[in-house]
Number of protein chains: 2
Amino acid sequence: MPFAEPNTTRSASGGQPGSRRAQILAAAAELFARHGFHGVGINDIGAAVGISGPALYRHFRSKDAMLGEMLTSISEVLLGGALERVRTAEGPLAALHALIGWQVDFALDNPALITVQERDLGNLADSDRQQVRALQRQYVEVWVSAISQVVPAAGEPAARAASHAVFGLINSTPHSAHLDRGQMAELLHRMALAAVRAA
Amino acid sequence: MPFAEPNTTRSASGGQPGSRRAQILAAAAELFARHGFHGVGINDIGAAVGISGPALYRHFRSKDAMLGEMLTSISEVLLGGALERVRTAEGPLAALHALIGWQVDFALDNPALITVQERDLGNLADSDRQQVRALQRQYVEVWVSAISQVVPAAGEPAARAASHAVFGLINSTPHSAHLDRGQMAELLHRMALAAVRAA
DNA sequence: GGCTGTTGTTAGCGCTCATTAACCTGGTGG
DNA sequence: CCACCAGGTTAATGAGCGCTAACAACAGCC
């Protein structure tokens with residue numbers, strides 16, 4: 001029996017109420033990213049946080065619910081951050097810069113989540129998938145609007161395609177990462193901006 | 001019983017010897033792209049080509065073998081095409097243009113294969129994975145060399161990271177495709193070139 | 001100090017899946 | 001014409017999976 005963290009379960013002294021859930025989701029994200037949703041067993045996830053198998057059902061209704069919560073949470077965070085950055089930016093170009101910086105930071109800090117989001121979206125339960133898709137659509141719209149203001153020459157469909165292309169560029173992070181974080185962020189930022197301007 | 005093509009099996013009149021294998025691989029690629037390797041059953045693949053379930057074992061040793069052949073084949077085609085284009089290009093800039101065009105065409109013509117390659121590489125049997133990884137490394141080297149000649153200011157590690165980023169940009173095709181093929185190709189080409197130049 | 005709710009445990013159920021076995025069929029070459 | 005074999009069928013097998021059931025331990029509260 002490998003020792004897990006001393007979890008003082010309740011709202012008492014140490015840990016927040018949902019800390020265990022977060023820990024489980026983080027471990028699951030790592031595993032899903034490496035082997036795919038269907039390639040990871042409930043026992044694998046449990047083992048990764050020091051408990052074994054069915055104990056996870058004390059924290060999540062099902063394996064599908066884990067993926068659902070994981071992906072809706074990402075989508076909400078991404079959209080919220082994007083709206084916030086655009087709101088506080090001064091001018092369209094600054095907004096685009098802020099969006100790129102936000103996506104770059106998120107991708108560099110959460111490579112596993114990025115991988116899972118674009119790999120296992122199709123494995124979501126129907127209602128979760130609808131919700132995630134809706135959030136993603138809104139996120140894309142924020143980008144389309146920002147791009148259209150900086151590069152009005154491109155039509156709206158082109159701006160939409162360009163958004164997806166830039167996501168692909170920035171989200172390539174999990175496949176490379178041979179530079180240190182600072183250099184990587186700067187490189188991706190420059191490339192993304194140049195790509196958008198060429199649209 | 002839905003009618004499949006009239007297959008004159010042997011090396012006789014109509015079809016080549018391996019036509020059925022190719023047909024199966026194409027169907028499997030489509031399914032793998034949509035649901036992931038572990039999300040597709042042997043019966044699904046069979047049904048997609050009009051035969052049912054275990055008949056596939058007359059053509060492939062195992063389900064893993066299908067994925068293996070699919071991915072090694074892609075990698076070989078990509079590498080071969082890249083070498084050919086670089087060889088016949090006049091000057092470094094022309095070589096880079098040719099590489100970008102090659103990757104763009106391949107991604108637009110084979111979105112399912114692109115998806116499978118970056119999603120299910122981890123589900124390959126060990127020996128197949130080694131082979132595919134080796135081919136991919138060579139492919140990246142071709143790009144690194146081309147980029148380094150056009151943008152010598154970027155170091156080799158940056159050129160490598162830039163390669164992956166450009167792959168991500170171009171391979172974003174399966175997630176968008178709202179423009180027609182010609183416009184999409186041109187847009188991706190422009191964006192990719194601009195991104196590389198900014199590296 | 002016993003009660004209770006939270007968070008674990010292990011055993012087992014039912015289902016799906018890849019793979020194999022055993023059998024069928026129709027075109028082709030001798 | 002007949003034997004063969006490539007290519008197809010359905011049934012069975014064995015492993016692995018998600019999930020539930022039944023039970024244990026331990027914290028905090030009255």
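Numbers restart at 1 for each chain; the letters A, B, ... are given by sequence-line order, proteins then strands. In this text the structure is predicted, and so the values were computed from the model without any measurement.
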Under 3.5 Å donor-acceptor, A/S145 side chain and A/E141 backbone:
no

Under a 3.5 Å threshold, yes or no: a donor from one side chain and an acceptor from the other, between A/R133 and A/Q136?
no

Test of understanding: with salt bridge (Lys or Arg N to Asp or Glu O under 4.0 Å), list the residues that count as partners of B/D180, not counting sequence neighbours.
none

Which whole-number value in Å describes the distance from B/R58 CZ to C/dT20 C1'?
10 Å

N/O to N/O distances under 3.5 Å, protein versus nucleotides 18-20 of chain D:
unit_1 : atom_1 : unit_2 : atom_2 : d
D/dG18 : OP1    : A/V40  : O      : 3.2
D/dG18 : OP1    : A/K63  : NZ     : 2.7
D/dG18 : OP2    : A/I42  : N      : 2.7
D/dC19 : OP2    : A/Y57  : OH     : 2.5
D/dC19 : OP2    : A/K63  : N      : 2.9
D/dC19 : O5'    : A/Y57  : OH     : 3.1

Measure CD1/B/I51 against C1'/D/dA6 and give the value in whole Å, please.
13 Å

In whole Å, what is the span from the CG atom of A/D44 to the P atom of D/dG16?
12 Å

For residues 25-46 of chain A, the side chain to side chain donor-acceptor pair (under 3.5 Å) pairs (sequence neighbours left out) are A/H38-A/N123

Under-4.0 Å side-chain N/O to phosphate OP1/OP2 contact, B/R20 with D/dG8
yes

Taking OP1 and OP2 of C/dG8, is either one under 4.0 Å from a side-chain nitrogen or oxygen of A/H59?
yes

Where the side chain of B/R197 meets the backbone of B/V151, is there a donor-acceptor pair that is under 3.5 Å apart?
no

Any donor and acceptor pair, going by atom type alone, linking the side chain of A/K63 with main-chain N or O of A/G41 inside 3.5 Å?
no

For the pair made of CZ in B/F60 and P in C/dT19, what is the distance, rounded to whole Å?
13 Å

Rounding to an integer number of Å, can you tell me how far B/R21 CZ sits from D/dA6 C1'?
14 Å

